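Keep in mind that what you see is a predicted model, and the values were worked out from it rather than measured.
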Amino acid sequence: MTKPVVIHWFRKGLRLHDNPALLAALQSTKGSHYELRPVFILDPWFTSTGPNRWRFLIQSLKDLDSSLKLLGSRLFVIKGKPAETFKELFKEWNVKKLTFEIDTEPYSKERDLLIKTLAEESSVEVITKVSHTLYDLEKIYNANGKTTPLTYQKFLSVTAKVGSPDDSHPAPEKIPDGCKTSLLSSKYDVPELEDLGLDLKELGSNLFLGGETEALARLEIYMKKQDWVCKFSKPDTSPNSLEPSTTVLSPYLRFGCLSPRLFYHRLQSILRGRKHTDPPTSLLGQLMWREFYYTAGAYIPNFDKMEGNPICKQIPWESKPEHLKAWTEAKTGFPFIDAIMTQLKTEGWIHHLARHAVACFLTRGDLWVSWEHGQKVFEELLLDADWSLNAGNWMWLSASAFFHQYFRVYSPVAFGKKTDKHGDYIKKYLPMLKKYPTEYIYEPWKAPLSVQKAANCIIGKDYPKPIVQHEVISKENMAKMKMAYQKKEEGSDGNKRKKTKQESSPTKITKFMKKK
DNA sequence: CCTCGAGTTGCGAAC
DNA sequence: TGTTCGCAACTCGAG
């Protein structure tokens, strides 16, 4: 019989620092000569993922593997469904213990429950720890009377009651001799991108290298700018600067290359005793937004859908494949929108306010296409696409939940001008418009033909005409939003009647969420 | 039950 | 160059 094995299962949390489940695996090896085997499963479920995001993941895994090797271990990468994979591993490896980080997404919850059952059947002890979020989300949920806080301010007041997030744990310094990895087979190596069957021609420039090493280096760069940290205010950062105006730590938080608790406490130590901005707009506030949406996503049913989602306004979006296609392929004819969508596709990251602009444009602002379609495109293309945040922000921008002032519509022409008067951002991502004079760069269709010719770009031929008339369509859409908002007071028979207690949404949500 | 204040980040005209 | 207001009146949560 081989030596008993303790598996640490990496899913998110692709790091050694602040990884309490990994530490628990190491702890349990003390004196008993367990062998530690860190595992990552390439789950076929993880498919709605573009090449840039795959590259980020593979780089993160390689970094993790290198770091583990320095400790005398390694990463075991296995392709397959988690349940089938573990069935085999439990048999083959003499597994006695399994540790992993708690994941609150619906798919993950279901997956982990199944694995726990399997482990129990195979007499494998399971240890789980919270480390992907600042808080144990259940504590927040309970502290709020077993409901989810639906406004940010309410959320902040609840977290204040719960207390400060736990401290970040240091990375393990060494693995005891008896626990190092004996199995060196290359069949478990981190695969190359080429092996994943992706279209590598679709890969864009590699601006953000995946992995914990890069995450920590990036964190340090920004934490050194203490003055900048203290003054950070999200709405004042630029959606269309040529270099990111924010930290771009989001992909590292998404994959767990960076611990939110480490980030949180680093920020706190800088802010202490200094004058600084506050949530919601401060950097700390951004971490709290992440937490806010994670909490909502963990407890609200059908959080990524309109139907069956108790907080989501029911809006009669229309199926418009040609409009969705134009938006996705950066061919709306609005340079600001198309430049953002090009940056998204090629680089995998766009500024938060740029997300606002294109999300509003796709949904309530201009195209009247369901936010669920936009959500899918972001899920594929954003390096930081995070299930709860993605759904929550799409509902926010489409005025389906959290945000309700639907008459505030971003202009696809005016909004970008505030921070990029000359359209340098547009010229960077849409080189066909490079020679347009500043006057027309946000509205090239208004340029006289002579100007279009001189710029070597005819509108309707070399760059599309605008697919909608913003001034007209946005007003029409506002009226449609108004109707959809009024509709909730109507019964299923269509007759208007007074809101009843059963129908008023807070009661409905409370009932729904209190069930379990 | 009702009322009221607050809510991360709009636009564009008017002054 | 900056502030205010109209748009038309939203939802949530506290009292």
Item to complete: Remember a base hit wins even if backbone is also touched, and classify A:Phe407 as base, sugar-phosphate or nothing at under 4.0 Å, heavy atoms.
Response: base
Item to complete: May I ask you to decide whether A:Asp384 forms a salt bridge with A:Arg290, counting only side-chain N to carboxylate O separations under 4.0 Å?
Response: no
Discussion item. Does either side chain, that of A:Asn477 or that of A:Ser474, offer a donor lying less than 3.5 Å from an acceptor on the other one?
Written reply: no
Worksheet item: Roughly how many Å is it from OH in A:Tyr152 to C1' in C:dG13, rounded to a whole number?
Response: 18 Å
Worksheet entry | Ion pair check, A:Arg11 and A:Glu105, cut-off under 4.0 Å | no
Worksheet, complete the sentence: In whole angstroms, the gap separating C1' of C:dG13 from CD1 of A:Ile311 amounts to 15 Å
Discussion item. Using the side-chain heavy atoms of A:Ser411, tell me which of these nucleotides is nearest: C:dG13, B:dC11, B:dT8.
Written reply: B:dC11
Worksheet entry | Options C:dC10, B:dT8, C:dG13, nucleotide nearest the side-chain atoms of A:Lys154 | C:dG13
Discussion item. So does A:Cys312 get a backbone contact from the side chain of A:Ser400, meaning a donor-acceptor N/O pair under 3.5 Å?
Written reply: no
Discussion item. Tell me the interatomic distance from A:Ile473, atom CD1, to B:dC11, atom P, rounded to whole angstroms.
Written reply: 18 Å
Item to complete: Give me the ring orientation class for A:Tyr299 and A:Tyr141: parallel if the planes are under 30° apart, tilted from 30 to 60°, perpendicular past 60°.
Response: parallel
Worksheet item: When you compare B:dA6 with C:dA9, how far apart are their P atoms, in angstrom units rounded to a whole number?
Response: 22 Å
Item to complete: Using the C1' atoms only, state how far B:dG12 lies from C:dT1, rounded to an integer number of Å.
Response: 16 Å
Discussion item. Within residues 227-252 of chain A, which residues have any heavy atom lying less than 4.0 Å from an atom of DNA chain C?
Written reply: none
Item to complete: Would you indicate whether A:Lys139, at its atom NZ, is surrounded by more than 12 heavy atoms from other residues, nucleotides or ligands within a distance under 6.0 Å?
Response: no
Fill in: From C:dC10, B:dC11, C:dG13, nucleotide with atom closest to A:Tyr410 side chain
B:dC11
Item to complete: Give A:Phe415 one of three labels, base, sugar-phosphate or nothing, depending on what nucleic acid heavy atoms sit under 4.0 Å from its own.
Response: sugar-phosphate
Worksheet entry | B:dC4 - base-pair partner by Watson-Crick or wobble geometry, distances under 3.5 Å | C:dG13
Worksheet item: Nearest-Å distance, CD (A:Gln405) to P (B:dA6)?
Response: 14 Å
Discussion item. Should the side chain of A:His352 and the base of B:dT8 be counted as holding a donor-acceptor pair, with the cut-off at 3.5 Å?
Written reply: yes
Worksheet entry | Side-chain (A:Asn142) to main-chain (A:Glu138) donor-acceptor, under 3.5 angstrom | yes
Discussion item. Given A:Phe361, which partner from the list A:Trp368, A:Trp327, A:Phe336, A:Phe334 fulfils the ring pair (Phe, Tyr, Trp, His ring centres under 6.0 Å) test?
Written reply: A:Phe334
Practice prompt. May I ask you to say what A:Thr151 touches in the nucleic acid, namely base, sugar-phosphate or nothing, with a heavy-atom cut-off under 4.0 Å?
Written response: sugar-phosphate
Worksheet item: OP1 or OP2 of C:dT11 sitting under 4.0 Å from any side-chain N/O of A:Lys313?
Response: yes
Practice prompt. Under the side-chain contact (heavy atoms from CB on, under 4.5 Å) rule, what do A:Glu322 and A:Lys320 come out as? Steps first, then yes or no, please.
Written response: CA-CA 6 Å; A:Glu322 71 293 345; A:Lys320 295 177 174 171; 4.1 Å; yes
Worksheet item: C:dA8 and B:dA13: how far apart are their P atoms, nearest whole angstrom?
Response: 15 Å
Item to complete: Give the nucleotide from the list C:dC12, B:dT8, B:dT9 with an atom nearest to the side chain of A:His404.
Response: C:dC12
Worksheet item: Does A:Gln153 make a side-chain N or O approach to OP1 or OP2 of B:dT8 shorter than 4.0 Å?
Response: yes
Worksheet item: Between atom CZ in A:Phe361 and atom C1' in B:dC11, what is the gap in whole Å?
Response: 16 Å
Practice prompt. Using whole Å, report how far NZ of A:Lys417 lies from P of C:dT1.
Written response: 16 Å
Item to complete: Using a heavy-atom cut-off of under 4.0 Å over every strand shown, decide if A:Lys475 touches base, sugar-phosphate, or nothing.
Response: nothing
Discussion item. From C-beta outward on A:Arg408, which listed nucleotide comes closest to its side chain: B:dG10, C:dA8, C:dG13?
Written reply: B:dG10
Practice prompt. In whole angstrom, give the distance that lies between atom CD of A:Glu291 and atom C1' of B:dT8.
Written response: 17 Å
Worksheet item: Once you round it to whole Å, what is the distance between C1' of C:dG6 and CE of A:Met478?
Response: 12 Å
